[in-house]
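What follows is a short report on a single structure.
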Amino acid sequence: MWASSRRGESVFRGLTTGSGVLVVASIALIGLFLLIQAIPSLLANQANFFTSTEFSTGDPDNLRFGILDLLVVTLKTSILALVIAMPIALGVALFLTQYAPKRVARPFAYVIDLLAAVPSIVYGLWGILVLAPVILPVNQWLVDNLGWFPLFSQGNLPVGVRGTIFTGGVILAVMILPIITAVAREVFAQTPRFHIEAAKALGATRWEVITMAVLPYGRSGYIAGSMLGLGRALGETIAILLVISASTGMQTLSLFDGGYTFASLIASAASEFSQPLPTGAYISAGLVLFVLTFVVNALARVVAGGKVNG
Amino acid sequence: MAKRIDLKDVDIYYGAFHAVQSVNLTVAPRSVTAFIGPSGCGKSTVLRTLNRMHEEIPGARVDGQILLDGENIYDRSADAVAVRRTIGMVFQMPNPFPTMSIRDNVVAGLRLQGVKDKKKLDEVAEASLRGANLWNEVKDRLDKPGGGISGGQQQRLCIARAIAVQPDVLLMDEPCSALDPISTLAIEDLIADLKKEYTIVIVTHNMQQAARVSDQTGFFNLEATGKPGHLVEIDDTEKIFSNPTEQATEDYISGRFG
Amino acid sequence: MSTALEAPDQPASSPPFQPISTARRLKNTSATVLVALAFLIACVPLVWILVEVVIRGAGAIFSADWWGRSQSGVNPEEYAGGVYHAIYGTIIQALLCGVIAVPIGILAAIYLVEYGRGRLAKTTSFMVDILSGVPSIVAALFIFALFVSILGAEQSAFMVSLALVLLMLPVVIRNTEEMLRLVPDRLRESAYALGIPKWKTILRIVLPTALSGTVTGVMLAFARVIGETAPVLVLVGYARAINYDPFEGNMASLPLLMFSEFSNPEPAGQFRIWGAALTLILIVMIFQLGASVISRFSAIQK
């Protein structure tokens, strides 16, 4: 009596489930196919992939490539970016959720979000042509006065070259600021009302309300947002490629070195992807970058513990 | 059109939680049956099993039989979607579809079942709105959004939408709890009209309302939090409110309930 | 300060309202200043970039041939030609990407909200997060490895679109998911109660209710992929002339034009770079503005 055709239902359910599966599959396929393309080159590699600082792929019969320098430059730029962006993002998120009047909080938040809408090539352009000349005196001052400190010693670039890791880190900081802010803002805004009211009822000042209620509640979200920002910084390509100068010298601890990150090295060689073995060397570097960002993003999700969708 | 409902040894579970215990009752065609009882006693849960709406909650399960004119709506060959076409439902909060006009709201069910004939749809819309005592108030703005009328009108719009698919039974889950007294009165009058054609089961928190609109009243209760709810007794409304068999019913009716 | 000095003069009983101590007040004030300062600092680069790009790019975009000509036959040092070939490339690559990513993304979001239960749904949700963190260069390398190296396809604009799909998908999914979750359950229930099957309820009631939010999300997703540079570097060559065919040959796009003009030492190169940057930002802005306009027409009353 109540029999009915369920074909529409099962077709539609199949389509939606299939799309979900496709997303899962795409991640698996990215890892798989990068690996397949990397293995022959890794086997032909004459140098140690993890400890070598060379990256020479000109002669397919004598591939010598390692990721040590790439890793060092990538980490230096990304961590510098985090160190700059994290406190500012925290301040901005607190300002937007706890200080700014409701009426202006939305448009102000929109302004910060617009930072994320600027294409990265424009950041690169602005970074090397506009910001770098402005930063150069700061570079110089730090080298002259704090040069005894390893981070600020004269790097492997000639004096006066603008495209240092330091400049790159500043650009990255601007680029990841909206990411961290967006996540932190969302979590801070979710602070339960009764936590805030309880603190206020104790006679807490606004800042004390923040330290008693908002920060404890939002800390994990803030950290998760910072990790998402880190993930973005690790993989940023074109802005870094345009800003940071290549360098033949050794990597030191200095922030005034030049060099390549994983992403910028791959992009710099993209026009020469013709022979499989040299290309595979770059794909191996891409695989490492994929694994790095996978881990960082997965950790961010774990840290957030379901408070953040992002 | 109106049909009779029988519940035989109905037990309802949410996962491992036993929500309602062995309910047996009969609802006669063209009558109004009210379910009353304290919060959490399972009266809404029972109502939602009558058109298999509880299945939307993961883990929900029903044992026993629910028969509509002798046919088990939980029979293996019965499709929940088809069952719901036969047994309409009106909810606590008025919920017109916000993207649709008043007219489209009324005929939404028919249209999504594949009826395309515009003339037929217009006729059904008018008949259903008249049936819901709403026609005179909205006939000049049928193309306006369904969310743009008052709460009481929205609820009558939802009733019109439910009767437009010509169900055999109409379930109402506290249909007046979000409405003001005047709108409530309008809905109660409407229920009195609708029972000429439909079998109606209504859940209400308001005992006066149960006394005003229903022919038969069932009292649900639960012994303690965490225990399953059960049907204490069901009888003619007059008897329940004047001379109930069970002491628990008497206590609840007279307000001596904890 | 003053409270401590005046203490001897005060009555023995404590005043009815104890004033906040100076240290606490100072801390509160300095926190307020720092927090406001952080916001101002964050605004500096945005304003700075926009001003620079507008000042340096305005000359180019108001030049005669900018919107209607390509760079075909233009010498590096000439202040001539336009970017319509690159605008076409940017738009067509994004559109092809959208044609693939939008339906899949919406369907996946529907799966997550309406159907997904258990392990597969959790895994899917997790992988959406991972996908949104995949660097664009990695997405480009993957498409290169799979389609160009293994399947032997030629580099083309369509390959770029495929890489962009990976970047656009998570944005579409997350935005749509959020909108679908805002649709109140009572709308779904009342549709079910009318005997409407679940899939029709989703397509005819839930999606239309979430429509404006979903469209907003899609526009924002377009804004995100339109400026991507890494995929075009890896997956398609630059062409100075218009190429209408996304499946074959080299094709310009605004980022690729900017990148290739970077190696042009002539001042005219800079002229074109800043002009292209301004054009690109304008296109992104159109999508952003469109998104915020559409989001005003939301059918969901919160």
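Quick note on labels: first sequence line is chain A, next is B, and so on, each numbered from 1.
Aromatic ring pairs are classed by plane angle as parallel below 30°, tilted from 30° to 60° and perpendicular above 60°; the pair A:F33 and C:F142 is tilted. The aromatic rings of C:F126 and A:F294 stand perpendicular to each other, their planes meeting at an angle above 60°, with 30° marking the opposite boundary.
For C:T32, the parts lying near chain A are the backbone and the side chain together; criterion is any non-hydrogen pair under 4.5 Å. Heavy-atom distances place both the backbone and the side chain of C:L131 under 4.5 Å from chain A. Interface residue C:Q270: only side-chain heavy atoms are found under 4.5 Å from chain A. No part of C:L278 comes within reach of chain A, as not one of its non-hydrogen atoms sits under 4.5 angstrom from that chain. Looking at C:Q288, the atoms closer than 4.5 Å to chain A (heavy atoms on both sides) sit in the backbone and in the side chain alike.
The distance from atom CG of C:L50 to atom CH2 of A:W126, rounded to the nearest 0.5 Å, is 10.5 Å. Within the model, atoms CG of A:L129 and CZ of C:R56 stand 6.5 Å from one another, a figure rounded to the nearest 0.5 Å. One finds the OG atom of C:S136 at 7.5 Å from the CZ atom of A:R232 (value rounded to the nearest 0.5 Å). With rounding to the nearest 0.5 angstrom, the CG atom of A:L29 is 7.5 Å from the CG atom of C:L146. Rounded to the nearest 0.5 angstrom, A:I121 CD1 and C:E228 CD are separated by 10.5 Å. Interatomic distance, OG1 of A:T261 versus CD1 of C:I137, reported as 9.0 Å (0.5 Å rounding).
Note: C:V138 leads C:L120, C:V234, C:V138 in heavy-atom pairs under 4.5 Å with chain A. Interface remark: of the candidates C:L203, C:I173, C:I226, C:I41, C:L203 forms the most heavy-atom pairs closer than 4.5 Å to chain A. Contacts with chain A were tallied for C:I130, C:L40, C:V128; C:I130 has the most, counting heavy-atom pairs under 4.5 Å. Taking C:L169, C:I150, C:L112 one by one and counting their heavy-atom pairs under 4.5 Å with chain A, the maximum is reached by C:I150. By number of non-hydrogen pairs under 4.5 angstrom with chain C, the leading residue of A:V24, A:I112, A:V296, A:D113 is A:V24.
Counting all heavy atoms, side chain and backbone alike, C:A42 lies closest to A:L115 at O-CD1, 3.7 Å. Between A:F12 and C:W199, the closest heavy-atom pair is CD2-CB, 3.3 Å. Across all their heavy atoms, A:G91 and C:V35 have their closest contact at O-CG1, 3.4 Å. Of all heavy-atom pairs between A:S26 and C:L166, the closest is CB-CD2, 4.0 Å. Looking at every heavy atom in both residues, C:A145 comes nearest to A:I283 through CB-CD1, 4.2 Å. Of all the heavy atoms in A:V122 and C:V53, the pair that sits closest is CG1-CG2, 4.0 Å.
For the pair C:K198 and A:E9, the salt-bridge criterion is not met [side-chain N within less than 4.0 Å of a carboxylate O].
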Yes or no on side-chain contact (heavy atoms from CB on, under 4.5 Å) for A:F95 and C:L37, after CA distance, side-chain angles and deciding distance? CA-CA 9 Å; A:F95 176 77; C:L37 202 64; over 6 Å; no
Take A:W207 and C:L34, measure what side-chain contact (heavy atoms from CB on, under 4.5 Å) needs, and give me the verdict at the end. CA-CA 11 Å; A:W207 177 245; C:L34 281 178; over 6 Å; no
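By a heavy-atom distance cut of under 4.5 Å, C:I104, C:L107, C:A108, C:I110, C:Y111 are the residues of residues 102-111 of chain C near chain A, going up by number.
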